[in-house]
S.K.: 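Have a look at this one before I ask anything.
Lettering of chains follows the sequences in order, A, B, ..., and the numbering in each one begins at 1.
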Number of protein chains: 2
Amino acid sequence: MTWGERASKRFDEAGFRTGAARRQVIELLEGEHCALTALEIDRRLPKVGRATVYRTLEQLEELELVHRVDVGGETTAYERNDPTGHHHHMVCLRCGRLVPFSDQALERAIHGVAGRAEFEVTAHDVLLRGVCPRCQEQS
Amino acid sequence: MTWGERASKRFDEAGFRTGAARRQVIELLEGEHCALTALEIDRRLPKVGRATVYRTLEQLEELELVHRVDVGGETTAYERNDPTGHHHHMVCLRCGRLVPFSDQALERAIHGVAGRAEFEVTAHDVLLRGVCPRCQEQS
DNA sequence: GCTCAAAATAAGAACGAGTCTCATTTTCAT
DNA sequence: ATGAAAATGAGACTCGTTCTTATTTTGAGC
């Protein structure tokens with residue numbers, strides 16, 4: 001079952017009705033592999049209102065079908081929750097490109113810290129900032 | 001030498017002139033131990049213009065006297081660069097409290113990833129989200 | 001101390017991301 | 001088919017941040 005099918009099903013089960021706007025947002029996310037910002041989605045779906053885009057993303061997040069990716073001060077990005085795996089991002093400071101990565105040692109270290117902390121840690125983010133290969137060439 | 005003195009000196013060396021506004025921003029940061037948001041600083045210094053607050057923070061960042069702390073979508077916070085050390089933050093999802101931590105294994109893992117990446121990595125952030133002890137008690 | 005060009009500043013307009021409101025359209029249980 | 005409830009689009013609004021511009025302050029050279 002694809003992510004899109006799973007998303008539709010989960011919406012049904014949650015008792016939501018399905019409109020054209022929601023379908024389009026889901027289709028768009030289905031086709032993307034890395035994070036998309038809310039405004040990017042709005043721009044790519046000119047027939048869908050901004051409010052609807054944000055509302056839909058909020059619902060998708062509640063249903064745990066997408067999660068936010070915080071990439072710096074600018075705008076928030078959203079990404080499909082793929083059961084295949086947890087990962088983090090590198091962001092290019094010049095062009096904004098996002099590249100995913102994952103690392104076992106990193107995850108172990110984070111779980112270690114979380115275990116020793118007084119906080120009840122429920123989530124974590126790691127962001128590497130730098131310059132992507134493409135932008136390095138250009139300088 | 002205090003952080004404030006170091007900051008003033010560094011500004012001089014960089015060829016900047018010293019105005020009243022900048023002095024006030026530096027004094028305010030001097031007195032704070034953890035991150036302050038730009039707007040918080042603006043609010044606490046009503047006689048200083050918004051633009052000046054932001055410009056000063058930008059310059060402080062360039063001179064490596066403060067660094068940004070990204071704590072979620074809202075607003076960006078700034079924190080004194082203490083030579084004693086690099087650290088990350090846990091943020092409480094209920095009350096917003098920030099608590100610093102640092103961990104050797106975590107840093108090693110991050111440097112490992114950065115070294116293997118095609119990106120030229122210049123900075124990194126780690127944020128643990130959860131519930132602080134104080135808020136855990138209240139529930 | 002003065003002087004004056006350059007730097008710093010204050011005030012507020014402008015901008016961009018995100019939220020809210022509300023009138024209209026669509027969905028779906030009946 | 002019908003109509004109450006949900007979903008939607010358009011645009012007003014908010015808030016953090018940036019830009020513009022006219023004014024004030026600084027400090028190097030006298």
S.K.: Using a cut-off of strictly less than 4.0 Å between a heavy atom of the residue and any atom of DNA chain D, enumerate the qualifying residues of residues 15-24 of chain A by number.
M.R.: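 Contacting residues: A:Phe16, A:Arg17, A:Gly19, A:Ala20, A:Ala21, A:Arg22.
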
S.K.: To the nearest Å, give me how far apart CD (A:Gln59) and P (D:dA6) are.
M.R.: 12 Å

S.K.: Rounded to whole angstroms, how far apart are CZ on A:Arg50 and C1' on C:dT21?
M.R.: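 Checked: the CZ to C1' distance equals 14 Å.
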
S.K.: B:Asp42 has an atom CG; how far is it from atom P of D:dC15, in whole Å?
M.R.: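 B:Asp42 atom CG is separated from D:dC15 atom P by 14 Å.
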
S.K.: Could you state the CD1-P distance from A:Ile41 to C:dG18, rounded to the nearest angstrom?
M.R.: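 The distance from CD1 of A:Ile41 to P of C:dG18 comes to 10 Å, rounded to the nearest Å.
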
S.K.: Looking at the side chain of A:Arg43, which of C:dA17, D:dT17, D:dG11 is the nearest nucleotide?
M.R.: C:dA17

S.K.: Pairing donors with acceptors under 3.5 angstrom, does anything connect the side chains of B:Glu107 and B:His86?
M.R.: yes

S.K.: Quick check on D:dG16: is either OP1 or OP2 less than 4.0 Å from any side-chain nitrogen or oxygen of B:Thr37?
M.R.: no

S.K.: Assign each of A:Arg68 and B:Lys47 to its nearest nucleotide of DNA chain C by heavy atoms, then name whichever residue's nucleotide is nearer the 5' end.
M.R.: B:Lys47

S.K.: May I have the distance from A:Leu36 (atom CG) to C:dG18 (atom P), rounded to whole angstrom?
M.R.: 13 Å

S.K.: Drop me the distance from A:Leu28's CG to A:Thr56's OG1, to the nearest 0.5 angstrom.
M.R.: 11.5 Å

S.K.: Using whole Å, what does the distance between atom C1' of nucleotide C:dT9 and atom CZ of B:Arg55 come to?
M.R.: 6 Å

S.K.: Would you mind checking if B:Arg68 and B:Glu61 are paired as a salt bridge, meaning a charged N to carboxylate O distance below 4.0 Å?
M.R.: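 So B:Glu61 pairs with B:Arg68 through a salt bridge.
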
S.K.: Could you check whether any side-chain N or O of B:Asp125 sits under 3.5 Å from a backbone N or O of A:Leu127, counting only pairs where one atom can act as donor and the other as acceptor?
M.R.: no

S.K.: Are any side-chain N or O atoms of B:Arg129 and backbone N or O atoms of A:Val121, one a donor and one an acceptor, separated by less than 3.5 Å?
M.R.: no

S.K.: Inspect the contact between B:Arg116 and A:Asp103 and indicate whether a charged nitrogen and a carboxylate oxygen are less than 4.0 angstrom apart.
M.R.: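 The answer is yes: the pair qualifies as a salt bridge.
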
S.K.: Is the distance from OP1 or OP2 of C:dT19 to the nearest side-chain N or O of A:Tyr54 less than 4.0 Å?
M.R.: no

S.K.: Please determine whether ring-ring contact (aromatic ring centres under 6.0 Å, His included) holds for the pair B:His88 and A:His124, giving the CA-CA distance in whole Å, both sets of side-chain angles, and the decisive distance to 0.1 Å.
M.R.: CA-CA 11 Å; B:His88 297 290; A:His124 66 265; over 10 Å; no

S.K.: Between B:Thr52 and C:dA8, is there a side-chain N or O to OP1/OP2 distance below 4.0 Å?
M.R.: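 No, B:Thr52 has no side-chain N/O under 4.0 Å of OP1/OP2 on C:dA8.
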
S.K.: Salt bridge check, A:Glu5 against A:Lys9: does any charged N sit closer than 4.0 Å to a carboxylate O?
M.R.: no

S.K.: Base, sugar-phosphate or nothing for B:Ala38? Non-hydrogen atoms, less than 4.0 Å.
M.R.: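 Sugar-phosphate only.
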
S.K.: Between the side chains of B:His67 and B:Glu79, is a donor N or O closer than 3.5 angstrom to an acceptor N or O?
M.R.: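 Looking only at side-chain atoms, B:Glu79 and B:His67 do form a donor-acceptor pair, the distance falling under 3.5 Å.
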
S.K.: Using a cut-off of strictly less than 4.0 Å between a heavy atom of the residue and any atom of DNA chain D, enumerate the qualifying residues of residues 7-14 of chain B by number.
M.R.: none

S.K.: Rounded to whole angstroms, how far apart are CD1 on A:Ile26 and P on D:dA7?
M.R.: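 It works out to 12 Å between those atoms.
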
S.K.: Using the criterion of both pairing distances under 3.5 Å for Watson-Crick and G-U wobble pairs, give all stems of 3 or more consecutive pairs involving DNA chain C.
M.R.: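 The stems are C:1-30 with D:1-30.
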
S.K.: Determine whether a donor-acceptor pair (N or O, by modelled atom type, separation under 3.5 Å) exists between the side chain of A:Trp3 and the backbone of A:Leu65.
M.R.: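 Present.
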
S.K.: Before accepting this row, confirm whether a basic side-chain N of the pair B:Glu62/B:Arg10 lies closer than 4.0 Å to the acidic partner's carboxylate O.
M.R.: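 Salt bridge flag = no for B:Arg10 with B:Glu62.
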
S.K.: Evaluate the criterion side-chain contact (heavy atoms from CB on, under 4.5 Å) for residue pair A:Val99 and B:Phe119; output intermediate values, then yes/no.
M.R.: CA-CA 9 Å; A:Val99 174; B:Phe119 266 53; 3.7 Å; yes

S.K.: Can you measure A:Leu60 atom CG to D:dA7 atom C1' for me and round it to whole angstrom units?
M.R.: 14 Å

